[in-house]
S.K.: 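Right, I'll just put the structure down here and ask away after.
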Amino acid sequence: WRLTQDDTMFRVVLAAACVAAASAFAPSALLPAANSRVAKCVGPRMQVSPSDAVPFLEKPPGLDGSLAGDIGFDPVGFSTDFDINWLREAEL
């Protein structure tokens with residue numbers, strides 16, 4: 001069995017691709033020092049109470065959990081514009 005130049009080139013390219021893919025998931029060797037400013041940065045804190053259904057949105061004031069199945073899911077904001085009882089009836 002004899003390797004041609006194309007077979008050798010294919011194997012070299014395949015090996016290089018595997019090494020490149022594996023290095024993408026390897027941890028970085030340079031980590032910031034514990035006392036540096038980069039290590040101490042934190043993200044912004046939420047000032048409003050988040051919704052249980054969609055945590056990055058604020059909890060709608062009309063949805064307080066008093067109705068069955070009410071977990072605060074109102075991403076469009078219908079509960080602030082319409083009466084919640086009318087919305088409940090319209091859904092049925």
Side-chain angles (χ1 to χ4, degrees):
W1 195 69
R2 192 170 171 181
L3 289 177
T4 63
Q5 187 176 4
D6 290 338
D7 291 335
T8 306
M9 183 61 113
F10 176 75
R11 288 182 182 207
V12 169
V13 170
L14 184 63
C18 290
V19 169
S23 67
F25 296 104
S28 175
L30 300 174
L31 297 175
N35 59 356
S36 71
R37 187 172 192 277
V38 175
K40 294 179 183 178
C41 291
V42 294
R45 302 202 185 265
M46 295 184 68
Q47 298 297 322
V48 297
S49 63
S51 170
D52 292 334
V54 187
F56 55 86
L57 294 178
E58 67 180 76
K59 187 174 186 176
L63 302 177
D64 56 357
S66 61
L67 299 174
D70 176 16
I71 57 170
F73 183 75
D74 187 19
V76 181
F78 287 132
S79 65
T80 57
D81 298 332
F82 301 102
D83 180 30
I84 193 70
N85 292 323
W86 183 85
L87 291 172
R88 184 178 181 200
E89 185 179 342
E91 183 180 9
L92 296 175

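Just so you know, these numbers use all the heavy atoms, side chains as well, and skip hydrogens, waters and symmetry mates. Keep in mind that what you see is a predicted model, and the values were worked out from it rather than measured.
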S.K.: Is it the case that one hydrophobic cluster holds both V76 and F82, taking links as side-chain heavy atoms less than 4.5 Å apart, direct or via other members?
M.R.: yes

S.K.: Is I84 reachable from W86 through a run of hydrophobic residues whose side-chain heavy atoms are each under 4.5 Å from the next?
M.R.: yes

S.K.: Please report the closest heavy-atom contact between L87 and F78, naming both atoms and the distance.
M.R.: CD1-O, 3.6 Å

S.K.: May I ask you to check whether S66 and D64 show a side-chain donor-acceptor distance below 3.5 Å?
M.R.: yes

S.K.: Among all residues two or more places apart in sequence or in another chain, which pass the ring-ring contact (aromatic ring centres under 6.0 Å, His included) test with F73?
M.R.: none

S.K.: Where do T80 and D74 come nearest, in terms of heavy atoms and distance?
M.R.: N-OD2, 4.3 Å

